[in-house]
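All chains are named by letter (A, B, ...) in the order of the sequence lines, taking the proteins before the strands, and each is independently numbered beginning at 1. Predicted model only: the values in this text are computed from it and were never measured.
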Amino acid sequence: MTRRSYAVDVMTLAPRLLGATLVRLTDEGERLAGRIVETEAYGGAEDTASHAHKGRRTARNEPMYAAGGTSYVYFTYGMHHCMNVSSGKPGDAQAVLLRALEPTEGLEVMHAHRGARKDGRPKPDTDLCSGPAKLCQALGLDRSMTGLDLTTHPRLWIEPRLRAPIEADIVTAVRVGIGSAGAWVSAPMRWYLGSSPHVSVR
DNA sequence: ATGACGATTTACT
DNA sequence: GTAAATCGTCATA
């Protein structure tokens with residue numbers, strides 16, 4: 001996608017990313033890709049659930065302030081990574097959290113990255129990218145991939161959707177996992193495709 | 001320097 | 001449904 005298409009408000013970009021394809025070329029030259037089926041918007045100073053709440057600006061969340069189209073990958077819970085795409089103009093603290101993908105290319109590699117179930121059987125395809133940390137693990141994304149310009153990077157980018165999903169399939173909901181304090185907790189800032197079996201939580 | 005916590009996932013009861 | 005895993009980040013001192 002172009003800089004221009006990322007340089008919009010986060011509430012506009014988040015639903016527009018539904019149907020677009022995240023592409024990742026690994027160091028081994030494998031092409032991994034998935035169709036985005038679930039996103040969440042995170043805003044700036046006023047958003048109590050945002051890493052940029054109260055204008056917080058640190059080395060970690062600096063990509064949120066970068067030009068729209070910059071990757072923001074962070075490490076959490078001592079073991080997981082989550083990937084965001086910044087939106088808006090430079091200085092705007094906004095980002096879209098990618099919460100789930102429908103895997104389309106490189107499924108075998110994704111399975112290898114994600115590992116088998118404890119009983120040794122392979123995980124179902126719907127368990128490869130159905131969560132923000134799952135999709136990062138499946139695509140091999142970690143903090144080394146933060147702060148990248150997705151409009152020019154040779155290894156990580158988003159291909160625009162050819163057609164928008166039908167309106168009736170887009171579900172708007174409250175964000176997941178952001179605690180229970182503040183009015184922003186109940187704000188409808190999550191979007192997903194209701195027909196997709198690859199969404200994180202129903 | 002220290003302590004509390006997290007935009008989660010997984011396995012187990 | 002409940003709980004453990006596991007450590008970087010950030011606020012406080």
Asker: How close or far is atom C1' of dT8(B) from atom CG of N84(A), stated in whole angstroms?
Answerer: 14 Å
Asker: Does a side-chain N or O of H80(A) approach OP1 or OP2 of dG6(B) to a distance below 4.0 Å, or not?
Answerer: no
Asker: With sugar-phosphate meaning primed atoms plus P, OP1 and OP2, does S200(A) contact a base, only sugar-phosphate, or nothing at under 4.0 Å between heavy atoms?
Answerer: nothing
Asker: Once you measure the plane-to-plane angle for H51(A) and Y74(A), does it fall in the parallel (<30°), tilted (30-60°) or perpendicular (>60°) bin?
Answerer: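 Perpendicular: the ring planes of H51(A) and Y74(A) meet at over 60°.
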Asker: So, applying side chain to side chain contact (heavy atoms under 4.5 Å, CB included) with R190(A), which one of V176(A), T39(A), V174(A) is it?
Answerer: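 For R190(A), the side chain to side chain contact (heavy atoms under 4.5 Å, CB included) test succeeds with only one of V176(A), T39(A), V174(A), which is V176(A).
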Asker: Between atom CG in L128(A) and atom P in dT9(B), what is the gap in whole Å?
Answerer: 13 Å
Asker: Can you tell me if R114(A) touches the phosphate of dT9(B), counting only side-chain N or O atoms and a distance under 4.0 Å to OP1 or OP2?
Answerer: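 R114(A) to dT9(B) OP1/OP2: no side-chain N or O under 4.0 Å.
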Asker: Looking at R190(A), does any N or O in its side chain come under 4.0 Å of the phosphate oxygens OP1/OP2 on dA7(B)?
Answerer: no
Asker: Which of these nucleotides, dC12(B), dT9(B), dT8(B), is closest to any side-chain atom of K134(A)?
Answerer: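 The nucleotide sitting nearest to the side chain is dT9(B).
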Asker: K123(A) has a side chain; which of dT8(B), dT10(B), dC10(C) sits nearest to it?
Answerer: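 When the side chain of K123(A) is considered, dT10(B) is the closest of dT8(B), dT10(B), dC10(C).
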Asker: Tell me whether R57(A) forms a cation-pi arrangement with Y65(A), defined as NZ or CZ under 6.0 Å from the six-membered ring centre and within 45 degrees of its axis.
Answerer: yes
Asker: On the nucleotide dT8(B), are OP1 or OP2 found under 4.0 Å from the side-chain N or O atoms that T76(A) carries?
Answerer: no
Asker: Without decimals, in angstroms, what is the distance between Y77(A) OH and dA3(C) C1'?
Answerer: 13 Å
Asker: With both distances under 3.5 angstrom, what nucleotide forms a Watson-Crick or G-U wobble pair with dT10(B)?
Answerer: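 When the pairing criteria are applied, dA3(C) turns out to be the nucleotide that pairs with dT10(B).
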Asker: D27(A) vs R155(A), test: salt bridge (Lys or Arg N to Asp or Glu O under 4.0 Å). Steps then yes/no.
Answerer: CA-CA 9 Å; D27(A) 295 338; R155(A) 286 266 171 72; 3.5 Å; yes
Asker: Can you tell me how far P of dT12(C) sits from CZ of R56(A), to the nearest Å?
Answerer: 11 Å
Asker: Which is true for I178(A) with a 4.0 Å heavy-atom rule: it touches a base, it touches only sugar-phosphate, or it touches nothing?
Answerer: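 Here I178(A) touches the backbone only, sparing every base.
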Asker: Could you tell me how far apart R60(A) (CZ) and dC7(C) (C1') are, to the nearest whole angstrom?
Answerer: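 Rounding to the nearest Å, CZ of R60(A) and C1' of dC7(C) are 12 Å apart.
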Asker: May I have the distance from K54(A) (atom NZ) to dT12(C) (atom P), rounded to whole angstrom?
Answerer: 9 Å
Asker: Describe the nucleic acid contact of A133(A) in one word from base, sugar-phosphate, nothing, applying a heavy-atom distance below 4.0 Å.
Answerer: sugar-phosphate
Asker: Step by step, would you call R175(A) with W184(A) a side chain to side chain contact (heavy atoms under 4.5 Å, CB included)?
Answerer: CA-CA 9 Å; R175(A) 292 177 291 183; W184(A) 286 75; 3.9 Å; yes
Asker: Rounded to the Å, how far apart are R117(A) CZ and dC12(B) P?
Answerer: 12 Å
Asker: Between dA7(B), dT9(C), dA5(C), which one does the side chain of M79(A) approach most closely?
Answerer: dA5(C)
Asker: Is F75(A) stacked on the base of dG8(C), meaning ring centres closer than 5.5 Å and planes within 30 degrees of each other?
Answerer: no
Asker: Starting at atom CG of L135(A), determine the distance to atom P of dT9(B), rounded to an integer number of angstrom.
Answerer: 8 Å
